[in-house]
2 protein chains.
Amino acid sequence: MPEPTTRRGKDTKGRIVELAAGLMYERGVSATSIEDILAASGTGKSQFYHYFSSKEQLIAEVLRHQLQQVLREQSRFPLDTWESISAWFGALVDMQQNQRDYRGCPLGSISSQLLDHGDLLRSQAAEAFAHWESALSGGLRAMQASGLLRDDADPDTLAESTIAVLQGGYLLSSTKRDIRPMRNALAIALSQLRSYAPDVRR
Amino acid sequence: MPEPTTRRGKDTKGRIVELAAGLMYERGVSATSIEDILAASGTGKSQFYHYFSSKEQLIAEVLRHQLQQVLREQSRFPLDTWESISAWFGALVDMQQNQRDYRGCPLGSISSQLLDHGDLLRSQAAEAFAHWESALSGGLRAMQASGLLRDDADPDTLAESTIAVLQGGYLLSSTKRDIRPMRNALAIALSQLRSYAPDVRR
DNA sequence: CGGCGTCTGTACCCCTCGGTACAGTCCGAA
DNA sequence: TTCGGACTGTACCGAGGGGTACAGACGCCG
């Protein structure tokens with residue numbers, strides 16, 4: 001599929017991905033039809049199939065879009081001190097709370113719908129999670145360098161577990177329409193991380 | 001919708017729910033058509049609409065079926081000692097590992113697909129989780145009574161958080177086709193629970 | 001101004017989906 | 001044995017899905 005070269009083309013393709021991401025996040029992937037997206041973005045089918053070979057490819061781009069959004073949001077927090085990790089968790093809770101209907105994780109809720117959609121999309125979701133984790137584990141490594149985190153902690157595993165706990169909190173919070181399970185899950189994630197701080201008397 | 005009265009009717013309806021649950025677990029809810037289910041169960045459409053008013057109602061029954069399955073599996077473990085909780089976690093890991101394609105939680109993977117399907121199914125999924133949690137919190141309360149868990153621990157919150165962490169582990173494990181995130185998540189859940197054991201020197 | 005590749009509008013196709021209609025068969029009760 | 005309700009088989013329908021065909025419009029190059 002040819003990447004758009006002109007300003008107009010880039011704009012159109014970007015608008016499609018943007019709108020598709022929003023709709024899929026709200027209504028679910030399979031509940032969002034191509035026609036819905038075209039209607040919302042004010043484009044026609046010929047544009048769509050000019051830029052995307054199939055719905056599957058669109059989903060892949062939506063996944064990338066969601067990852068970028070999560071990373072951009074996260075980049076507001078350095079994640080290299082306990083305070084900033086704590087602030088990040090607080091911001092996540094606030095966002096989930098303020099978004100109507102407790103929609104869930106922008107990345108996780110879409111990823112979970114791709115598990116049955118073939119290996120291609122599933123593995124792309126796995127890569128997206130890995131990227132997200134590496135942003136966090138980078139911060140944890142910096143904390144090791146600055147002595148805030150013990151050297152025997154494994155940043156990669158810690159980051160993966162943190163994301164896992166976060167996702168579980170999102171799921172229960174969305175299902176129950178209650179912020180508490182997410183808040184409690186993040187408290188657990190934080191205490192798990194903190195257990196690797198030095199100076200803990202035991 | 002009339003409940004089946006005869007042996008043959010009960011059998012047919014049960015077969016439909018059973019097969020539907022299996023297919024939806026494997027392929028996803030919206031990727032499983034009524035016709036798929038009928039073909040797999042060897043029944044016709046007239047039977048289906050004789051017992052179910054719509055696909056939505058079938059999904060509701062599938063949800064109940066999955067909850068029962070989870071509870072039955074869990075009932076093998078008393079969950080009133082540290083050993084049995086630990087054994088339960090180990091069994092969950094084994095099951096996820098041995099099932100091909102790391103399919104995810106029989107209840108959670110389906111529930112997550114119902115978030116966009118209207119409030120009715122979403123709230124039924126929430127109730128299913130609540131039932132699951134109460135089975136666990138019951139065990140925790142027994143542990144308080146027998147002195148294995150401190151009295152200042154809140155069994156309901158602990159149970160909810162445990163399920164949340166478990167779900168997060170399932171999600172990452174299924175997405176990455178790797179058992180480690182689930183194993184690590186359960187280790188965190190266990191250590192979180194254990195932090196409420198008495199006799200911990202601190 | 002002419003032309004060519006990028007971009008866009010519209011109409012259409014075929015298939016599958018959930019759901020309905022209706023006629024027929026099973027089987028226990030009187 | 002006949003009656004009636006529970007159960008089943010089959011054909012059909014309208015709607016909406018993803019995807020294609022093809023002609024037209026834009027806009028940067030010479």
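Within every chain, numbering begins at 1; the chains are lettered A, B, ... in the order of the sequence lines, protein sequences first and strands thereafter. From a predicted model like this one, the values you see are computed outputs, not experimental measurements. Heavy atoms only: backbone and side chains are in, while hydrogens, waters and symmetry mates are out.
- To the nearest 0.5 Å, atoms CG (A/Leu172) and CG (A/Asp178) are separated by 9.5 Å.
- For D/dC7, one of the phosphate oxygens OP1 or OP2 lies less than 4.0 angstrom from a side-chain nitrogen or oxygen of B/Thr6.
- Near-neighbour residues of DNA chain D inside residues 53-62 of chain A, defined by a heavy atom below 4.0 Å, number-ordered: A/Ser54, A/Lys55.
- The shortest non-hydrogen separation linking A/Leu190 to A/Ser86 is CD2-OG, 4.0 Å.
- Whole-Å rounding puts the A/Leu38 CG to C/dT10 C1' distance at 13 Å.
- Spacing between atom NE2 of B/His117 and atom P of C/dG18 amounts to 10 Å, rounded to whole angstrom units.
- Side-chain atoms of A/Ser195 come within 3.5 Å of backbone atoms of A/Gln192 as a donor-acceptor pair (strictly under, hydrogens ignored).
- Taking atom CD1 of residue A/Ile16 and atom C1' of nucleotide C/dT8, one finds them 11 Å apart after rounding to whole Å.
- Between the C1' atom of C/dC17 and the CZ atom of B/Arg27 lies a distance of 15 Å, rounded to the nearest Å.
- Across the interface with DNA chain D, nearest-nucleotide mapping of B/Glu35 and B/His50 shows B/His50 to be the residue nearer the 5′ end.
- Distance, B/Tyr49 OH to D/dC12 P: 19 Å, rounded to whole Å.
- Using a 4.0 Å heavy-atom criterion, one finds that B/Phe52 contacts no nucleic acid atom at all.
- Using a distance-only test at 3.5 Å, with no hydrogens or angles considered, a donor-acceptor pair links the side chain of B/Ser112 to the main chain of B/Ser109.
- As a whole-Å value, the separation of B/Lys10 NZ from D/dC7 P is 9 Å.
- For the pair B/Ile37 CD1 and C/dT16 C1', the interatomic distance rounds to 14 Å; values are reported in whole Å.
- Distance A/Phe48 CZ to D/dA21 P: 17 Å, rounded to the nearest Å.
- Here salt bridge (Lys or Arg N to Asp or Glu O under 4.0 Å) pairs that include residues 118-135 of chain B, with residues two or more places apart or in two chains, are A/Lys176-B/Glu133, A/Arg177-B/Asp119, B/Asp119-B/Arg122.
- Atom CZ of A/Arg180 has 12 or fewer heavy atoms from other residues, nucleotides or ligands within 6.0 Å.
- Out of C/dC7, C/dA11, D/dG17, the shortest distance to the side chain of A/Lys45 is found at C/dA11.
- Contact annotation for A/Ser46: base contact, defined as any heavy-atom pair under 4.0 Å involving a base atom.
- Contact record, B/Tyr102 with B/Ser173: CD2-OG, 3.7 Å, taken as the closest heavy-atom pair.
- Remark on DNA chain C: of its neighbouring residues B/Asp36 and A/Gln47, the 5'-side contact belongs to A/Gln47, judged by nearest-heavy-atom nucleotide.
- For A/Tyr51, a side-chain nitrogen or oxygen approaches OP1 or OP2 of C/dT8 to under 4.0 Å.
- Proximity of B/Arg8 to the phosphate of D/dT8: a side-chain N or O atom is located under 4.0 Å from OP1 or OP2.
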